[in-house]
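Take a look at the structure below.
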Amino acid sequence: MKSRWLNVTHRGAFLAFLGLSLLGLGSTWADEADPPGRVARLSDLQGSVSLQPAGVEDWAAATLNRPLTTGDRLWADQDARAELDMGDAALRLGATTGFSFLNLDDHTAQMQLTAGTLLVHVRNIQPNQTYEIDTPNVALSLQQPGAYRVEVNETGDTTVVKVSAGQAQATGGGQSLAIGTQQMVTFAGTATVSYASATLGAPDELDSWSAGRERQRQESASRQYVAEDVPGTADLDTNGRWEATPDYGYVWAPNVVVAGWAPYRFGQWAWIAPWGWTWVDDAPWGYAPFHYGRWVTWNSAWCWVPGPRYVRPVYGPALVGWVGGPRGGVAVGIGVSVGWFPLAPREVYVPGYHVSETYVRNVNITNTTIVNNTYITNVYKNNVTNIHYVNATPGAVTAVPQNVFTSGQHVARHVMPVSRELLSTAVTSAPPPVVPSRQAVLGAGAGRAVPHPPPAVLSRPVVATTKPPRGPVPFERQVEAIKANGGRPLPRTELARLQPATPVAPVRLISAGGADRGRAQIPATPSRASAAAVRPGASQESGSAARSRAAPAASFADREHALQTSPVAAAARADRAPPARVETPQAPPAPQGRTDRPPSAQQHLPPTQQQGFYHDDPTHAQGRPPSAPVNRPPAAAGSAEQYSRPPPQPPSREQRYRPPAAPPPPVREAPAPPPAYRPQERPAPVREVSPPPPPVSHPQERAARPPPPPSQPSKSEPRESAPHGDRTSRERGER
């Protein structure tokens, strides 16, 4: 029986994989006005952390599990910290930190840091994705998966960038600088930017906390059951258990729930544009099970069924069906209340916001096992009316008064009973057309006095290489348009029409490539020679004293010139030079369009990972999806034509790709082997050897030969061998 179930599961997973492959081919036809499939989850809060949602002027206390998107601001007060989980990246804020999203969608994560400390751990970069951190004096582009730390001082004129692992490109003051692994660079000034480089110091408490959180995710046992980029997966380990079922594969059930618990009952509704009504759960683990997958009762207990593991998940604001929503253009209510219930596996989720048919297929196929795209489209277009919802029962439906729903209050305190007779006539797939209040935007923390950033930090401009979108629509203006739209969320095209002309934040756009002159590069793995070359006066220092002393600030052009002309660097290169050869083998050519960072890891991945799919055991019984990062293709900003002087010798491949925790490799460099298509060449002799005398074939001629000159080598020294024929004739003559 078990073997038969496994075969059926494999067959269903194979069909789903084929459907997803076809879906990937058609995804390019999706409407650009569709909402993003990626948000940032507020996954950890310590101390006083405040939130200013996009479109409002007020600040409110930040709430755990709140989704954040473009235009949202955060302020971590003194002795506070916060974590944002995006699935493919984690953002961690230190104390007195002002942070906001200038843009967050499927392709761009553009962050603004006006003060404080931001730690970014990038786990995966797709070929078409961009990660950018904009500060008051430098814009940092993260080009590889890795660990990055950015610090902005209180006055906003100094930025410190630390790269524990990865590769970043800093642009500011008309210059561009490549920063590699185990490098720390301090940028000073705003109009004129100078910098000083050094190696990383010891980690502090914030680094240790961040490393512990990242290690907890990497060691999570739930990763073998859930898609790799689903946020909140690690929270499932200590709050529930995984069980195998014959119909749904592996499911997760919470360990402890209160009496009368049901999904989407203990939390509140928030209005977040462009999705509209969004569920925010109270449970510490209450994120992944309420924005991905489906719910079902099994063995008299609620269980969460995750979506397929081998595709990138698409975020949903709340995967529920509705009671009292619109049907046929007429609102069907249960008095003045609104009700909802969790969708079960293989049931179609119908968004209440304007989307394309491709988006509807994406958000359903990536969150449950549905392979019939025609059925999804028919349900979305209301062509199917006789739908039987498994969880449309009195014990699974949650209903509250409409004012509780629209004001974002806690739901569990106001639950109303629902009869079976009403459920037989008032169930629909679309949400009710109700207009939100201002409190629904601010969340449960609205109305309380909370700390917020100083005005100087709030209005501080930043520099950026990527143009951010315009500012969010003020909420008062949105409400009027929502009323005119029948209480439904506004399409993104309508939101764009209402947006102000000003950007989302004060931003000064600069060129990503910087000026052609003054472009510099810090090696990904520092060596003694490179460290001495970039520090003026390094010839008077040596040992640990020279390495521990911070470099003085200098301009980009001066620092690059020192890197090329320093006598200490030249002497170090000469000491490490390999023995002389007749012809030195040439290094392989650099990738087209860039010379300042290693080739993309995309070239070294299996074909299944290069296509963006996680291909693994569909039964969720073995292994986990590979976590090898997929980097985006090289940018034109890193081309060799932008260098005004020859760049320094790039580090070896071993230095670029060494694990972050491993110690740096030794400075000694072995000479590169010759190409495989050319045989090894013999080194040229160091000293000249006199040509041998002509062969003597007669004893009288040999006696008349003059003695050798004094410079003739002795018999104990090596002597150049004569050709084979000459050597034989000479030996025969001597005999």
Side-chain angles (χ1 to χ4, degrees), residues 34-42 53 63-69 230-232 261-283 285-296 302 304-307 313-326 337-345 347-355 359-360 362-364 366-368 379-380 389-392 396-400 402 404-412 414-415 427-436 440-441 443-444 487-489:
D34 288 337
R38 178 177 67 162
V39 296
R41 172 212 179 193
L42 258 174
T63 306
L64 192 68
N65 293 325
R66 165 90 181 211
L68 268 66
T69 186
V230 172
W261 186 91
Y264 301 97
R265 182 170 294 177
F266 288 81
Q268 61 271 349
W269 289 96
W271 182 272
I272 302 176
W275 300 273
W277 293 114
T278 303
W279 179 256
V280 181
D281 201 80
D282 291 341
W285 50 265
Y287 187 83
F290 298 99
H291 299 286
Y292 307 90
R294 298 290 192 270
W295 282 91
V296 70
W302 281 107
W304 177 58
V305 184
V314 176
Y315 162 84
L319 304 175
V320 297
W322 296 90
V323 180
S337 301
V338 177
W340 59 91
F341 56 89
L343 290 175
E347 294 179 351
V348 177
Y349 163 67
V350 177
Y353 40 92
H354 177 77
V355 294
Y359 176 90
V360 177
N362 288 350
V363 75
N364 279 283
T366 60
N367 285 300
T368 188
V379 174
Y380 172 64
Y389 290 99
V390 174
N391 295 327
V397 173
T398 302
V400 296
Q402 191 176 92
V404 174
F405 180 85
T406 58
S407 59
Q409 300 182 44
H410 282 275
V411 167
H414 307 278
V415 175
V427 175
T428 180
S429 57
V434 292
V435 180
V441 178
R488 297 175 178 84

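The shortest non-hydrogen separation linking V320 to P342 is CG1-CA, 4.3 Å. The two residues H410 and H414 come nearest to each other via the heavy atoms O-CD2, 3.2 Å. Nearest heavy atom pair, residue W322 against residue S429, reads CD1-O, 3.8 Å. For the residue pair N391 and V397, the shortest heavy atom distance occurs at O-CG2, 4.2 Å. Between P489 and P274 the shortest heavy-atom distance is CB-O, 3.9 Å. Closest heavy-atom contact between P351 and V360: CD-CG2, 4.3 Å.
Side-chain atoms of P53 and R66, non-hydrogen and from C-beta on, do get closer than 4.5 Å to each other. Put simply, the side chain of V427 reaches to within 4.5 Å of the side chain of F341, judged on heavy atoms. Contact check for Y389 versus L343: side-chain heavy atoms found under the 4.5 Å cut-off. Counting only heavy atoms from C-beta outward, the side chains of L68 and V39 never approach each other to under 4.5 Å. The shortest side-chain heavy-atom distance between Y380 and V348 does not fall under the 4.5 Å cut-off. The side-chain heavy atoms of V305 and T368, taken from C-beta on, include no pair separated by under 4.5 Å.
Looking only at atom types and distance, the side chain of Y359 has a donor-acceptor partner in the side chain of Y353 under 3.5 Å away. Side-chain contact annotation: N65 with R41, donor-acceptor N/O pair under 3.5 Å present.
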task = Could you check T69 against I272 for side chain to side chain contact (heavy atoms under 4.5 Å, CB included), going step by step and ending with a plain yes or no?
result = CA-CA 9 Å; T69 186; I272 302 176; 4.2 Å; yes
ask   = Step by step, would you call V280 with T63 a side chain to side chain contact (heavy atoms under 4.5 Å, CB included)?
value = CA-CA 8 Å; V280 181; T63 306; 4.2 Å; yes
request  = Could you walk me through whether V434 and W277 pass the side chain to side chain contact (heavy atoms under 4.5 Å, CB included) test, one step at a time?
outcome  = CA-CA 10 Å; V434 292; W277 293 114; 3.7 Å; yes
inquiry  = Let's go through L319 and R294 carefully: what are the C-alpha distance in whole Å and the side-chain angles of both, what is the deciding distance for side chain to side chain contact (heavy atoms under 4.5 Å, CB included) to 0.1 Å, and is it a yes or a no?
reply    = CA-CA 7 Å; L319 304 175; R294 298 290 192 270; 3.6 Å; yes
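Separation of atoms NE2 (H291) and CG (N367) is listed at 11.0 Å; rounding is to 0.5 Å. Taken to the nearest 0.5 Å, the CG atom of L64 stands 9.5 Å off from the CG atom of D281. Atom OG1 of T278 sits about 8.0 Å away from atom CH2 of W269, to the nearest 0.5 Å. The OG1 atom of T406 lies 11.0 Å from the CH2 atom of W271; values are rounded to the nearest 0.5 Å.
Between the E347 side chain and the V390 main chain, a donor and an acceptor come within less than 3.5 Å of each other. Within the 3.5 Å criterion, the main-chain N or O of N362 finds a donor-acceptor partner in the side chain of T366. Remark: side-chain polar atoms of N364 are paired, donor with acceptor, to backbone N or O of Y349 under 3.5 angstrom.
Between W275 and Y315, the distance from one ring center to the other falls under 6.0 angstrom. Residues W295 and F290 place their aromatic rings such that the two centres sit under 6.0 Å apart.
In this structure R265 satisfies the salt bridge (Lys or Arg N to Asp or Glu O under 4.0 Å) test with no other residue, sequence neighbours excluded.
By the 30° and 60° cut-offs, the orientation of the rings of W261 relative to W285 is tilted. In this structure, W340 and F405 have tilted ring planes: the angle between them lies in the 30° to 60° band.
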